[in-house]
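Heads up, the thing below is written out as structure tokens.
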Amino acid sequence: MSKKFYQLTRLGRIAQLAAHKVLSPIDTAFFANHTGLTQERAGQLVENQLTTFALPEGIARNLLVNGHLHQVPMVTEEPSVIAAASNGARLAIQGGGFMVTQPRRLLTGQIVLTEVADVAALSAKITKLKTTLLQVADAAHPSLKRRGGGAKWLNVRELSAHDLSVDLTVDVQQAMGANMLNTMLEAVGAYLQQELAVTVLMSILSNYAPDSIVTATVEIPFSALKTTDFAGNVVAAKIAAASRIAQLDPYRAVTHNKGIMNGVSAAVLAFGNDSRAIESGAHAYAVKDGQYRGLSQWQVVADGLSGELTLPLPIGFVGGATKLLPAVLPNQRLADVHSAEELMQVICALGLAQNLAALKALVTTGIQQGHMALQAKSLAVNAGARPEEVPALVNALQQATTLDLVTAQQLLVQLRK
Ligand code: NDP
């Protein structure tokens, strides 16, 4: 029988992706030979650069999004994340895959005004200037408007009796938009200072991005969920119960969402985006009604389990570090994504796949069974196994009653005998 994708060697996997035309010859050579960032490029990215810091990249296999299959690159140091994402994707395929909405992509930033004597009066004055302020914003980064984007609307919010936030919302097209928006905000801030003698405390985008949201849904038939110990409808009911608990209890909700972000952040990194921006925005969205809750919800429907995840994903397909990190363009081609909108859809579906696999494991076998099988690999390496010794040691560890470093070291000594 032919080997499964995960059983192949690294080069075997790359060869299979090439044989299936997922990778072009150029990208095949790239993935086979890539050794990471050059020191020179790293020095162009950050300050006081000393060296580079490598992380593993793998792929979540066969994520079916709106009828289109994607092989999704993921960058993470955590064992079992990529396996779980692939597992979630496999389950989803049995229900026809993920359906994902057409995303909204608008970014908002704020010019914070302080020491305001009369907030209502100033607010009215600024509102009157709205059209001019939108023009000032567009003039600060005119290429955005030429591309069909640019400043869309401006609102004034009273933060206190003496503080105002002037919120500018911009269509950032294919970029994440932080730098472009900050330029526009500073221009509007300077204009307000000059025209209305206001005190500008700061001008900066907000990483809270409720206008850059996307929703993924999926329906998994009971038949896909059954395990050796539980019928599919029982697993579905348990997943729905786990989802309910994540709506009720912030202790559980944070971990529920961390599981979603295992997939989201790994993909965000693989596509050269700012993972802190996405993380902070997602967690803020999780508390949008005043209580921190699970970002996804699952419920039992007629003959299966239905899941939904809505996420703010203000990510960029161009700009930022996307051109400077050499793996990003090959990763975009590997995933077969061609726009920021499509990338948002794929990442949102990946988050839901990740969540599904984690919840299924949690409510059936428990998380440790699968996790520790993969953890055995890092234990083997930590115990000092040479690459050719790792498979045998992992095997021995999986038979052992205790999975810890001492056991790994003892088993390694025995193996070497
Ligand atoms: P850039 O400053 O790189 O701006 C986007 C670039 O993409 C522009 O040069 C633009 O060209 C170019 N571009 C080409 N094609 C398009 C297109 N179709 N649509 C839009 N732009 C296009 O990046 P961003 O403004 O996206 O900012 C992202 C960076 O900002 C990230 O590195 C992020 O980490 C960082 N950042 C994040 C902050 C936060 O999250 N709080 C704060 C500050 C920075 P042109 O100039 O011709 O328009």
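Every number for a ligand or one of its atoms is a count from 1 in the order of the listing.
For the residue pair Ser165/Gln110, the side-chain donor-acceptor check at 3.5 Å is satisfied.
Note: His34 and Phe30 have parallel aromatic rings, judged against thresholds of 30 and 60 degrees for the angle between ring planes.
For a heavy-atom separation below 4.0 Å, the residues in contact with ligand 1 are His141, Ser143, Arg147, Val172, Gln173, Gln174, Ala175, Met176, Gly177, Ala178, Asn179, Met180, Asn182, Leu205, Asn207, Asp274, Ala277, Val318, Gly319, Gly320.
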| request: Assess whether side-chain contact (heavy atoms from CB on, under 4.5 Å) is satisfied between Asp336 and Gln71, documenting all intermediate values. | output: CA-CA 8 Å; Asp336 201 14; Gln71 313 300 321; over 6 Å; no
| request: Carefully, step by step, assess Glu341 and Val214 under the rule side-chain contact (heavy atoms from CB on, under 4.5 Å). | output: CA-CA 9 Å; Glu341 288 81 358; Val214 58; over 6 Å; no
| query | Is there a side-chain contact (heavy atoms from CB on, under 4.5 Å) between Met180 and Leu107 once you walk through the steps? | reply | CA-CA 10 Å; Met180 297 192 296; Leu107 199 60; over 6 Å; no
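Residues passing the side chain to side chain contact (heavy atoms under 4.5 Å, CB included) test with Thr310 are Ile213, Thr215, Tyr285, Glu308, sequence neighbours excluded.
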